[in-house]
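None of the values given here were measured: they were computed from a predicted structure. Quick note on labels: first sequence line is chain A, next is B, and so on, each numbered from 1.
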Protein chains: 2
Amino acid sequence: MNVSTALRILKKEGYKYTEKREDLVTLFAKEKRYLSARDVLNHMQKNYPGMSVDTIYRNLTLFADLDILEETEWNGEKRYRLSCSTKSHHHHLICLDCGKTLHIETCPMEGIPVGDTEFEVTGHKFEVYGRCGECQAQ
Amino acid sequence: MNVSTALRILKKEGYKYTEKREDLVTLFAKEKRYLSARDVLNHMQKNYPGMSVDTIYRNLTLFADLDILEETEWNGEKRYRLSCSTKSHHHHLICLDCGKTLHIETCPMEGIPVGDTEFEVTGHKFEVYGRCGECQAQ
DNA sequence: ATGTAAATCGTAATGATTCTTATAGATGGT
DNA sequence: ACCATCTATAAGAATCATTACGATTTACAT
């Protein structure tokens, strides 16, 4: 996923192009890590001092719905990062200090026999948590 | 995990026995599924009409710290269920409607090569989500 | 039985997120 | 380029889950 792909998806789905939306996607494209709504607000308010929290949340939710952003949650806050790829299903090793990620290519759902239960399976979550090298060195 | 084990852990760690704490653990022992703080409050206030939300949250957190309860989160609410066992590491298939669970015995961490990264791994989460048979039938 | 620290209550405070209403701005057609 | 329409945004209020606080009650060791 990159900025132009993201904006193309926006247009295709009938949403309007705004400079704030482009900057929002650009921020995620630069950072390539999980950011909280507050992180995003702090970054965005440098260029747009009066930017509303509502705009942040509304666009984060929209982008997650459009699969432009991936969403997760820790320490009571939702976090978002740019979708790594539209192609291959994968999981993450996540630094809980800075939100940096590494890919985990294997998916635990392959080989789990959940089809023979009365459950209708709708999703799954596999995440490994830790601290990256930089954050260990403070 | 059962009620007497839970109360033994409480005592061993120097916490006081109260009727509310016994009833709280008993509730989880009966339900054997994930409950939100609000679920617990509703159940408990039948017997203790004036019970404070603070008491609920304080004890849920305490019990989770003592590994009497397992904690997770979905739809913006923390959820707790009685720890299945003190012995074997496992994961869950969870009904997002009622909190009912099935065990998943295999752990995806076996076979994931995370030791050769600069990350210090501190934890992981693997959960499968769905709807149980009863909830599908409403 | 008594003293003390912990547990609880009632309520206020907090923090993240969502909602509301009025205004501003993007897009498509002229 | 201009206009109409409909979406996006700002500002602030509202909501929801959770935590904090001061006062009171209770468990339990002595």
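Between B:Y57 and D:dT19 there is no side-chain polar atom (N or O) within less than 4.0 angstrom of OP1 or OP2.
From B:K100, atom NZ reaches atom CD of B:E31 across 11.0 Å, with rounding to the nearest 0.5 Å. Atom-to-atom distance recorded for A:L27:CG and A:E22:CD is 12.5 Å, nearest 0.5 angstrom. From A:I68, atom CD1 reaches atom CG of A:L82 across 8.5 Å, with rounding to the nearest 0.5 Å.
The interatomic distance linking A:M51 (CE) with D:dG12 (P) rounds to 16 Å, in whole Å. Put simply, CG on A:L60 is 15 Å from P on D:dA8, counting in whole angstrom units. Following rounding to the nearest Å, B:R38 (CZ) and D:dT19 (P) show an atom-to-atom distance of 13 Å. Taking atom NZ of B:K20 as the reference point, atom C1' of D:dA27 lies 12 Å away to the nearest angstrom. To the nearest angstrom, P of D:dT7 lies 13 Å from CG of A:L62. Between B:N42 atom CG and D:dA17 atom C1' the separation is 14 Å, expressed in whole Å. Per the geometry, CD belonging to B:E22 stands 14 Å off C1' belonging to D:dA27, to the nearest Å. In this structure, B:Y17 places its OH atom 13 Å from C1' of D:dT26, rounding to the nearest Å.
By the neighbour-count criterion of 12 heavy atoms within 6.0 Å, atom CD of B:E19 is sparsely surrounded, having that number or fewer from other residues, nucleotides or ligands. Residue A:R58 places its CZ atom among more than 12 non-hydrogen atoms of other residues, nucleotides or ligands, all under 6.0 Å distant.
For the pair A:R131 and B:F119, the minimum side-chain heavy-atom distance is 4.5 Å or more.
Positionally, the nearest nucleotide of DNA chain D for B:D54 lies more toward the 5' end than for the other of B:D54 and B:Y15. Judged by closest nucleotide on DNA chain C, B:P49 is the one of A:K78 and B:P49 placed further toward the 5' end.
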Could you go over nucleotides 4-6 of chain D and give all protein N or O partners under 3.5 Å, atom names and distances?
{"from": "D:dC6", "atom 1": "O2", "to": "A:K16", "atom 2": "NZ", "distance (Å)": "3.0"}

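Nucleic acid contact class of A:R21 (heavy atoms, under 4.0 Å, all strands): sugar-phosphate only. Residue-level contact check: B:G76 touches the backbone only, with heavy atoms under 4.0 Å from sugar-phosphate atoms and none from bases.
For B:T5 (side chain) and B:M1 (main-chain N/O), no donor-acceptor pair under 3.5 Å exists by modelled atom type.
Test A:L69, A:T72, A:T101 against A:R81 for side chain to side chain contact (heavy atoms under 4.5 Å, CB included) and you get one pass: A:T101.
Side-chain polar atoms of B:S52 and B:D54 form no donor-acceptor pair below 3.5 angstrom.
Contacts between chain A and DNA chain C, taken as any atom within less than 4.0 angstrom of a protein heavy atom, begin and end at C:dA16 to C:dT27.
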